[in-house]
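All figures in this text were calculated on a predicted structure; none of them were measured in a lab. Residue numbering restarts at 1 for every chain, and letters A, B, ... go by the order of the sequence lines.
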Protein chains: 2
Amino acid sequence: MNIGEAARASGVSAKMIRYYEATGLIAPVARTEAGYRDYSMAEVHTLRFIRRARELGFPMETIAGLLGLWQDRSRQSAEVKRIALEHAAALQEKVAALEAMAATLTRLAEHCHGDDRPDCPILDDLADGRAPLSPSSGEARPRYAAARR
Amino acid sequence: MNIGEAARASGVSAKMIRYYEATGLIAPVARTEAGYRDYSMAEVHTLRFIRRARELGFPMETIAGLLGLWQDRSRQSAEVKRIALEHAAALQEKVAALEAMAATLTRLAEHCHGDDRPDCPILDDLADGRAPLSPSSGEARPRYAAARR
DNA sequence: CTTGACCTTACCATGATGGGAAGCCTTATC
DNA sequence: GATAAGGCTTCCCATCATGGTAAGGTCAAG
């Protein structure tokens, strides 16, 4: 099975398969005489494992640990559980941070009449109550066009 | 005011102030004879605006637009409100994705007895019910040590 | 005048992914 | 057998916002 077929079979892009190999997350795979990577189903299963773990938001470093545990028939499930719960807690922290942002924005937007008048509590909050700069026409070939659409 | 003082006054690191200038988010600032950047309070206010917007998770590109609106005395608050609500919606999408991950992990962990026995529904789920690879001792100086702590 | 703190620019790294170029290989068609 | 299409190889670059570091200039206090 070449890399394209392995990619389709595992749901991991060929690009990422090579990357996983280059970084040592997976072992270098067999090659054909011509130098093509040659995959067996075992490797495809490993790739599926990785894809599923990525879908659950595990960072690659943690996935390396999970792969080790997966391959370790004498593992203790407590270790896996600990890693999973630790990651779940990290996710929940991110959720809390994002929710706080969204709540602030929603609250500010509620107080913004949102019509053609210029005054806007959202900008006031961002500015912390101060007046803006005069329009600074910078050179420096702007990556951000400061466009008002 | 030199860049260090401006950084302390705005809460934006000197590094990031230079970066914002290089990318055109803010205009090039005055320089002393020796080439030191020289900031006024107006610039510090702009930096504070940016910092606050970053805290709310706005990407730099969007902040460029918000800065334009902030400096535009003829802006329509509806435009600001639209941007804010759009961003809030994007945040909520991320929240939903992260929450789904966390929920799945929590559910899997609940079904894992978490003791010194090896069987583990968490790994089973990741593996989709298949058997693991035999321990592949890859060269490729692994960045991820596959360590079992 | 020296020292230490600060400034300048320039480069590298992050994490996981995609894009693309240049060149070799395989397969199908003629 | 020749050719074309498409897949493979490696290598480099970009993302996004941020930090680190190094080499060298500047400033203020002692």
Grab the [atom1]-[atom2] distance between [X] and [N] for me, whole Å please.
X        : N       : atom1 : atom2 : answer
Glu5(A)  : dG7(D)  : CD    : P     : 11 Å
Met16(B) : dT9(C)  : CE    : C1'   : 17 Å
Glu33(B) : dT8(C)  : CD    : C1'   : 16 Å
Tyr36(B) : dG24(D) : OH    : P     : 16 Å
Ile3(B)  : dT26(D) : CD1   : P     : 17 Å
Ile17(B) : dT18(D) : CD1   : P     : 12 Å
Arg31(B) : dT9(C)  : CZ    : C1'   : 10 Å
Leu25(B) : dT18(D) : CG    : P     : 10 Å

**Prompt:** Is it true that atom CD of Glu93(B) has more than 12 heavy atoms of other residues, nucleotides or ligands lying nearer than 6.0 Å?
**Reply:** no
**Item:** 5'-most by nearest nucleotide on DNA chain D - Ala34(B) or Arg54(B)
**Value:** Arg54(B)
**Message:** Which is more 5' along DNA chain C, the nucleotide nearest Gly4(B) or the one nearest Lys15(B)? Just name the residue.
**Reply:** Gly4(B)
**Message:** Looking at Arg37(B), I'd like to know whether one of its side-chain N or O atoms comes within less than 4.0 Å of OP1 or OP2 on dT9(C).
**Reply:** yes
**Request:** For Tyr20(A), answer base if it contacts any base atom (sugar-phosphate contacts may also be present), sugar-phosphate if it contacts only those atoms, and nothing otherwise; contact means non-hydrogen atoms under 4.0 Å.
**Result:** sugar-phosphate
**Message:** Within the 4.0 Å heavy-atom criterion, would you say Thr32(B) contacts the bases, only the backbone, or no part of the nucleic acid?
**Reply:** nothing
**Message:** Between Arg37(A) and Val29(A) (side chain of the first, backbone of the second, donor and acceptor by atom type, cut-off under 3.5 Å), is there such a pair?
**Reply:** no
**Request:** Could you tell me whether the side chain of Ser10(A) and the main chain of Arg48(A) form a donor-acceptor pair under 3.5 Å?
**Result:** no
**Request:** Would you kindly say whether Glu43(B) and Ser40(B) are connected by a side-chain donor-acceptor distance under 3.5 Å?
**Result:** yes
**Prompt:** Is it true that Glu79(A) and Arg82(A) have a side-chain N and a carboxylate O under 4.0 angstrom from each other?
**Reply:** yes
**Item:** Short N-O contact, Arg107(A) and Glu110(A), less than 4.0 angstrom
**Value:** no
**Request:** Measure distances between side-chain N and O atoms of Tyr19(B) and base N and O atoms of dG19(D), and say whether any donor-acceptor pair falls under 3.5 Å.
**Result:** no
**Message:** Angle between the end axes of the helix from dC1(C)-dG30(D) to dC30(C)-dG1(D), five pairs per end, to the nearest 10 degrees?
**Reply:** 20°
**Prompt:** Taking the side chain as C-beta and beyond, is there a heavy-atom pair between Met16(B) and Tyr20(B) under 4.5 Å?
**Reply:** yes
**Asked** What nucleotide among dA17(D), dC7(C), dC8(D) has an atom nearest to a side-chain atom of Asn2(B)?
**Response** dC7(C)
**Asked** Where the side chain of Arg18(A) is concerned, which of dA17(D), dC7(C), dC8(D) is the nearest nucleotide?
**Response** dC8(D)
